[in-house]
Amino acid sequence: MSLKGVILLKNYSCGELNKRHLGTEVSLAGWVDRRRDHGGLIFIDLRDREGIVQVVFNPEVSPQCHEIASQMRSEYVIRVVGMVTARPKGTENSKLATGEIEVVIQDAEILNPSLTPPFYINEETEVDESLRLRYRYLDLRRPRMKQNLILRYRVERAIRNFLDSKGFIEVETPILIKSTPEGARDYLVPSRRHLGSFYALPQSPQQLKQLLMVAGVEKYFQLARCFRDEDTRADRQPEFTQLDLEMSFIDEEDILGLVEEMLTSLVAAVKPGVKLLTPFPRLSYTEAMENYGTDKPDLRFGMKIADLTDIAQESGFTIFESAVASGGKVKGICAPGSADYTHKQFDELNQLARGLGAGGIITISLSRAAGSRDELTMEMVRSVAAKFLTLEQIKRMASRLEANPGDLLLIIAGKPEVVNLVLGELRQEMGARLKLADPAQLAFGYIVNFPLLHWSKEMGRWEAEHHPFTMPRDEDIPLIDTAPEKVRGRHYDIVGNGYEIGGGSLRIYQAELQRKIFRLLGYKDNEIEPLFGHLLEAFSYGAPPHGGIALGIDRLVMLLAKEKTIREVIAFPKTQEATDLTFKAPSPITEEQLAELHLCLREED
RNA sequence: GGCCCCGUGGUGUAGCGGCCUAACAUGCCACCCUGUCACGGUGGAGAUCAGGGGUUCGAAUCCCCUCGGGGUCGCCA
């Protein structure tokens, strides 16, 4: 990358200069990163997007420039003209890419002074995030944030190039569209021209891309902004970017294969050091829940959950017995090398487990004294359950969890969903504590065979697991009327390092089946028409079989940048309270604006 | 909506009932300094301890409320 030739005030960028430019007169412009004033000589580290170069003001070369340089301060915008010169022997700086040379200045001007910045731009110190967000334009000058912006651009460019090479076209879809009843809360935009009516910002271009398939686009993608008025998290923002993608005349394999190829080549291009699992592992939803306790497992490490119910129910241990008697399960994980966990450490884990609904954790600690699992004796086992279990039963549990002497078994008894949930969280916690995940790895994997529906207690009706347009598996279609919970959807998720990176499905393309699903979701026929009539109508004009996927770009870039939140890879993110601290948005509007929109504000109690 | 954490000169931290008239580092300002690169030296300015209320002889410190930021549960098809 180079700014060369783009801007007239400069003909080289600071970061690109090296020994090859010796003797060249260069014109540079940028920001003062740091000034070192020796009274005689003044050194300035001049920074632009491409890097830093040392420029030297020598009063013997130009007393006027030296005088101007003495006025310069951090973050002043300056322009200089000078000669690229080899640094005197012994004064080279190997820490700087441009450290073999310097620019001896013959002409200089201050283009714009700067106030002292509210935080360090030239140091990688932690700064309060609200301050960074208030002055985001300064925060983005810092090298780490600049690198994140560039990385994001490269990811998006690689995606566009890849999909272009596969015959996809990018189509823009409306931002002002229609509110939909399913899913998240909509961001709404009042219509000036239609009293009492509102547009909604898209939660995703889902229906639009399906209509593009009906339109015969066949291979569509879009780097699409999506909006959901829900509470934020480290990996969730009110607005975010999806790679939205849809294809006609395909099945699951086409999508999964395409995305795998895309991500593999993308990672190789932007982060060659990152290791992937290839081919991407595929787990059924059931396997993921049973073995990892979550539908978005971190596949960088094992520590799989194992079912111990059969062994546990042979014991005389009340906690195990009563769990099994009430239809529950007993399952566990093995924390390697954690046999000597302290009381305090147990307490922390117990608190975590209780907070998630478990009664508590039963631990079995296997002493290091044994040379192997077979050599264990009762004396080497530490557990409140020990006197209710035979040595043989303990060995069977250890064997099923692939535990060895020195390891710690964490066992949960209770309702199957709670057991999986708690062990899933304990697995994450222990994985983090024991640093089991290779930080250089990005473990993508597919989760397939999700249930199509789940029963919503609060709504008292079936809800779509993914969204109401997901195609059921052919062989499960008869179950829609008899056992909706057993219907599996042709839906797939992609996970990466424990994050849901994306999800997609094959879609329903027959109006009648779609209508049937809407009815199952509790819509009356007279409600379906105004809400989804446009889609059903489209399906009656020759809709091709189609399907697609959407990937969360923010999360993907976050993982590639090794950041902890997606805010670090978004130029102007919002706070947890969904405000923009740079603009101070949202903000009140005037009475005139309200009146024009036919709106008045309600008094709240 | 619930729970948890944080808020002290510009920035990052220390102080956690009296030793605080608030410390340290850095930044900032002035002066000195021709080979530094986190330059160095000398001197200086800079804080109603987020805001409000309470407890106490006495509060940066303990309690309550509010505001702001973060994490998380709910929520996010």
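Residue numbering restarts at 1 for every chain, and letters A, B, ... go by the order of the sequence lines.
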Exercise. Expressed in whole Å, how much space separates the P atoms belonging to G15(B) and C20(B)?
Worked result: 15 Å

For this session: Could you tell me whether R35(A) and D37(A) have a side-chain N and a carboxylate O separated by less than 4.0 Å?
Result: yes

Exercise. Roughly, in whole Å, what's the span from CD in Q576(A) to P in C3(B)?
Worked result: 15 Å

For this session: Mind calculating the distance between OH (Y187(A)) and C1' (C75(B)) to the nearest angstrom?
Result: 13 Å

For this session: Just call it for R132(A): base, sugar-phosphate, or nothing, with non-hydrogen atoms closer than 4.0 Å on any strand.
Result: nothing

Problem set entry | Residue whose nearest RNA chain B nucleotide is more 5′ - E465(A) or T575(A) | T575(A)

Exercise. Parallel, tilted or perpendicular: which describes the rings of Y135(A) and F119(A), with under 30° parallel and over 60° perpendicular?
Worked result: perpendicular

For this session: Pick the C1' atom in A50(B) and in A25(B), then give their distance to the nearest Å.
Result: 23 Å

For this session: Rounded off to whole Å, could you give me the CD-to-C1' distance for the E577(A) and G71(B) pair?
Result: 13 Å

For this session: Answer with base, sugar-phosphate or nothing: what part of the nucleic acid does T579(A) contact at a heavy-atom distance below 4.0 Å?
Result: sugar-phosphate

Problem set entry | Footprint string (nucleotides 27-43 of chain B, 5' to 3'): B base within contact, S backbone only, - free, heavy atoms under 4.0 Å | SSSS--BBBBBSB----

For this session: Could you check how far CD of E425(A) sits from C1' of G71(B), rounded to whole Å?
Result: 13 Å

Exercise. When the distance from NZ of K574(A) to C1' of G68(B) is rounded to whole Å, what number comes out?
Worked result: 18 Å

Problem set entry | NZ/NE/NH1/NH2 to OD/OE distance under 4.0 Å, R507(A) and E246(A) | yes

Exercise. For D186(A) and Q203(A), what are the C-alpha separation, side-chain angles and deciding distance, and is it a side chain to side chain donor-acceptor pair (under 3.5 Å)?
Worked result: CA-CA 7 Å; D186(A) 287 315; Q203(A) 297 178 26; 2.6 Å; yes

Exercise. Does the distance from a Lys or Arg side-chain N to an Asp or Glu carboxylate O, for R132(A) and E568(A), drop under 4.0 Å?
Worked result: yes

Exercise. Which part of the nucleic acid, if any, lies within contact of Q206(A), taking any heavy atom under 4.0 Å across all strands shown: a base, the sugar-phosphate backbone alone, or nothing?
Worked result: base

For this session: Please work out if L521(A) contacts a base, only the sugar-phosphate, or nothing of the nucleic acid, heavy-atom cut-off 4.0 Å.
Result: nothing

For this session: Take atom P in C57(B) and the same atom in A23(B), then report the distance between them in whole Å.
Result: 29 Å

Problem set entry | salt_bridge(R87(A), E92(A)) N-O dist < 4.0 Å | no

For this session: Assess the pair H66(A) and F57(A): is the distance between their ring centroids shorter than 6.0 Å?
Result: no

Problem set entry | Interatomic distance, F532(A) atom CZ to T180(A) atom OG1 [nearest 0.5 angstrom] | 6.5 Å

Exercise. Between the side chains of N148(A) and E563(A), is a donor N or O closer than 3.5 angstrom to an acceptor N or O?
Worked result: yes

Problem set entry | Base of C76(B) paired with side chain of R228(A) (donor-acceptor, under 3.5 Å) | no

Problem set entry | Pairwise P distance for C19(B) and A59(B), with rounding to whole Å | 11 Å

Problem set entry | Rounded C1' spacing from G51(B) to G7(B) in Å | 11 Å

For this session: For L131(A), answer base if it contacts any base atom (sugar-phosphate contacts may also be present), sugar-phosphate if it contacts only those atoms, and nothing otherwise; contact means non-hydrogen atoms under 4.0 Å.
Result: sugar-phosphate

For this session: State whether the distance check finds a donor on one side and an acceptor on the other, under 3.5 Å, for side chain R567(A) versus base G70(B).
Result: no

For this session: Just call it for E129(A): base, sugar-phosphate, or nothing, with non-hydrogen atoms closer than 4.0 Å on any strand.
Result: sugar-phosphate

For this session: For U11(B) versus C28(B), give the span between their P atoms, rounded off to a whole number of Å.
Result: 14 Å

Exercise. Does a distance-only test, which skips hydrogens and angles, find a donor-acceptor pair under 3.5 Å between the side chain of D231(A) and the base of G74(B)?
Worked result: yes

Exercise. Which base, if any, makes a Watson-Crick or G-U wobble pair with C20(B), both distances under 3.5 Å?
Worked result: none

Seminar exercise, completed: Applying the 3.5 Å cut-off to both distances, the Watson-Crick or G-U partner of C67(B) turns out to be G7(B)

For this session: Would you indicate what T180(A) reaches in the nucleic acid, counting non-hydrogen atoms under 4.0 angstrom: base, sugar-phosphate, or nothing?
Result: nothing

